[in-house]
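One structure is given below, encoded as structure tokens.
Letters A, B, ... are given to chains in the order of the sequence lines, protein chains preceding strands, and every chain is numbered from 1.
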Amino acid sequence: MISYLVRRLGQAVLLLLIVSMVGFAILYLAPGGPLSQFAAGTDMSQEDLDRIAEQLGLNRPLPVQYAEWLLRMLTGDWGRSYRDGEPVLYVIGSHLGATLQLMLTATLLAIMIGCWIGILGAIRRYSIFDTLATVGAMVALSIPTFWFGLVAIYVFSVELEWLPSGNRETVGDGSLLDLLRHLILPASVLALVETAIWSRFMRSSMLDVVNQDYIRTARAKGLPEWQVLAGHAMRNAALPMITVVGLQLPTLLGGALVTETVFTWPGMGRLFLDSISYRDYPVVMGILMFSATMVLVGSLLADMLYAVADPRIRLG
Amino acid sequence: MTAAPVLQVEDLSVRFRTRGGEIAAVSGVSFAVRPGETLAVVGESGSGKSVTSLALMRLLPPGAAVTVTGRVGLRGKDGRMLDVLTLPEPEMRGVRGDAIAMVFQEPMTSLNPVKPVGEQIAEAIRLHRGLDRRAATEEVVRLLDLVGIPAPRQRLASYPHHLSGGMRQRVMIAMALSCEPAVLIADEPTTALDVTIQAQILDLLRRLQERTGMAVVFITHNLGVVAEIADRVMVMYGGRVVEQADVRPLFARPLMPYTVGLLRSVPRLDLAGRRAGPLPAIPGNVPDPLHMPEGCGFHPRCGDHVAGLCDARLPELESAGEARLVRCVRWRELTP
Ligand SMILES: Nc1ncnc2c1ncn2[C@@H]1O[C@H](COP(=O)(O)OP(=O)(O)OP(=O)(O)O)[C@@H](O)[C@H]1O
Ligand code: SF4
Ligand SMILES: [Mg+2]
């Protein structure tokens with residue numbers, strides 16, 4: 001177990017290094033660069049710009065800049081936002097709650113609904129229900145999330161006027177009901193793709209299990225079909241789903257980014273896009289590293305949980 | 001062996017509709033097994049042994065793609081003869097695992113990997129015998145002890161992967177025997193095990209049978225095993241019965257050329273050392289279930305095959321003396 005953890009953590013560190021290098025290189029090679037923010041709009045002289053570049057260390061070679069950034073990261077100094085001078089970690093922290101709220105709600109919805117769709121589809125394979133579920137999942141997976149978001153806003157906010165079209169709360173209200181009403185649309189839109197993913201994984205896991213010999217053994221005992229399914233099949237089929245939590249984390253994060261933008265949800269996704277358009281590179285890099293760490297830690301935790309839940313697996 | 005049969009199979013046929021066409025997996029199989037008797041079913045891979053046994057348990061995949069015809073009579077626990085193939089499913093569930101139970105070939109995959117073995121055995125006991133959890137657990141301990149598992153109480157919480165193949169098969173046997181079935185079907189229960197374990201399991205089955213008087217249908221490839229445990233033998237080829245006899249007459253004087261071939265490919269201790277080279281296998285391949293040969297299904301591989309006779313029409317399964325049946329047009333001239 002210990003050696004497994006050490007190995008996985010080693011892999012994670014290596015991956016984070018690669019992510020940071022690629023991210024850093026893309027940002028700094030992209031046209032414009034952080035100074036264009038200062039150059040645009042204001043009437044700064046070239047000298048002022050050079051001075052700012054000197055201060056921020058932007059005039060040094062890329063590898064040197066990267067090394068300095070890395071060293072500072074390692075000592076826990078994530079830098080400050082170019083935009084308002086706040087520490088990057090503070091900026092991320094103030095947006096994290098909204099994102100986690102959205103992702104957790106969507107994931108719970110998706111697991112509850114998606115797993116049942118998958119189980120029923122597998123039990124009644126090729127039935128009308130299964131066919132509809134399969135087509136539905138294909139549609140949900142192939143249509144971009146922002147389109148669903150826009151349609152949802154158009155139908156439920158603009159036309160029906162049932163739910164607010166954006167933000168996390170009504171300014172000055174902030175009651176639980178108000179929070180919930182704001183959460184429903186973005187969480188459902190984000191849950192849509194997630195539900196499709198969960199239902200597909202659950203269906204194939206269940207199909208795999210119902211053809212196993214031990215299911216036949218359970219039937220040979222004379223157990224009623226629901227007991228065969230609930231007592232023998234579902235438990236085995238649900239186990240590998242734990243690792244799906246880790247597998248779909250990147251999709252979930254990507255979906256959250258889009259959903260937050262469409263619904264002006266004040267989370268990390270919005271912050272990320274805003275920071276990119278402001279060329280606020282310390283925040284962009286910060287979010288990149290933070291979410292990469294989140295994904296890696298999440299899937300490590302999922303795998304460990306799987307090992308605890310499945311008596312056959314000994315991590316080694 | 002004059003008691004009335006506990007299991008009486010008449011003209012059992014199973015057909016599968018597949019994409020390639022219809023497969024007659026089992027055709028017109030009839031046999032009977034009496035209490036305390038062991039019927040061995042032998043035949044090469046694909047001859048329909050497993051499909052026959054699954055049909056007896058009504059465990060073939062449900063749906064329109066499978067057609068089962070014929071009659072399967074099973075003596076229920078109350079002494080009534082049950083018509084297995086027409087029994088309503090809820091009643092059939094009460095019979096499965098209770099009056100008729102099955103041990104499967106693969107002890108590695110036939111147990112649920114994420115349930116403790118104690119629980120898996122207790123399930124059937126609680127279901128059919130209505131014992132509460134405590135009493136069922138005690139019964140499981142007794143059964144594990146009966147099938148020769150050391151320290152049975154400690155094994156209750158073990159998962160299948162903690163146990164060796166032989167131990168798992170003992171667990172399967174304990175599970176099958178838990179409700180004292182009148183008929184036990186064992187589908188190649190020892191094929192996956194190594195030879196010493198195989199002998200132990202056979203010995204165990206024999207002792208348990210003596211004790212409970214159950215009838216056993218024992219499916220196997222291995223004629224060495226047949227000689228050891230069977231009272232009667234049924235040889236299957238391409239889904240059909242081709243020979244049926246008591247075990248001694250069959251080994252002493254096989255009538256059907258296919259049976260002769262099977263026996264010739266068994267290693268015999270009394271001939272050890274005297275015969276050099278590998279054992280003669282039956283030449284040719286198992287027939288393709290989608291394209292069964294006309295006439296005698298065995299004729300493309302049969303050394304005694306006569307063109308125009310053997311491939312003209314299906315030979316009858318005819319009586320060849322007391323309690324003997326054979327399906328071969330030439331058996332009279334071929335056997336001395
Ligand atoms: N579910 C199924 N669908 C279609 N065909 C099947 C199905 N199950 C079995 N068969 C066919 O039925 C025939 C008999 O198979 P069966 O499993 O009874 O053979 P067997 O004698 O038990 O062989 P083995 O010794 O390999 O276990 C085979 O040709 C097989 O392909
Ligand atoms: S009927 Fe003909 S082909 Fe078939 S076993 Fe007898 S001799 Fe051989
Ligand atoms: Mg078989």
Next on the checklist: Which one wins on heavy-atom pair count under 4.5 Å against chain A: Gln105(B), Glu106(B), His128(B), Arg58(B)?
Outcome noted: His128(B)
Next on the checklist: According to side chain to side chain donor-acceptor pair (under 3.5 Å), does anything in residues 138-149 of chain B pair up with another residue at least two apart or in another chain? List the pairs.
Outcome noted: Arg129(B)-Glu139(B), Glu138(B)-Arg153(B), Glu139(B)-Arg142(B)
Checklist entry - Where does Met108(B) contact chain A at under 4.5 Å (heavy atoms): side chain, backbone, both or neither? => result neither
Item to check | Partners passing side-chain contact (heavy atoms from CB on, under 4.5 Å) against Leu108(A) (at least two apart in sequence or in another chain) | outcome: none
Next on the checklist: Checking an interface table here. Which of residues 202-220 of chain A come within a heavy-atom distance under 4.5 Å of chain B?
Outcome noted: Asp213(A), Tyr214(A), Arg216(A), Thr217(A), Arg219(A), Ala220(A)
Checklist entry - So what's closer than 4.5 Å to chain A heavy atoms on Met92(B): side chain, backbone, both or neither? => result neither
Next on the checklist: Less than 4.5 Å to any heavy atom of chain A: does that hold for the side chain of Leu111(B), its backbone, both, or neither?
Outcome noted: backbone
Item to check | Heavy-atom pairs under 4.5 Å with chain A, option from Ala176(B), Pro113(B), Pro61(B), Gly97(B) with the top count | outcome: Pro113(B)
Next on the checklist: Could you tell me if the side chain of Glu225(A) sits less than 4.5 Å from the side chain of Glu89(B), heavy atoms only?
Outcome noted: no
Next on the checklist: When you compare the side chain of Arg93(B) with that of Leu223(A), does any pair of heavy atoms fall below 4.5 Å?
Outcome noted: no
Checklist entry - Are the side chains of Lys221(A) and Arg96(B) in touch, meaning some heavy atoms are under 4.5 Å apart? => result no
Next on the checklist: Looking at every heavy atom in both Leu127(B) and Pro224(A), which two are closest together, and how far apart are they?
Outcome noted: CD1-CD, 4.1 Å
Next on the checklist: Quick check on Gln101(A): does its CD atom have over 12 non-hydrogen neighbours (other residues, nucleotides or ligands) under 6.0 Å away?
Outcome noted: yes
Pair up each side-chain donor or acceptor in residues 252-260 of chain A with any protein partner under 3.5 Å, not counting sequence neighbours, and list the distances.
| unit_1 | atom_1 | unit_2 | atom_2 | d |
| --- | --- | --- | --- | --- |
| Thr259(A) | OG1 | Gly255(A) | O | 2.6 |
| Glu260(A) | OE1 | Met268(A) | N | 3.3 |
| Glu260(A) | OE1 | Gly269(A) | N | 2.5 |
| Glu260(A) | OE1 | Arg270(A) | N | 3.0 |
| Glu260(A) | OE2 | Thr99(A) | OG1 | 2.7 |

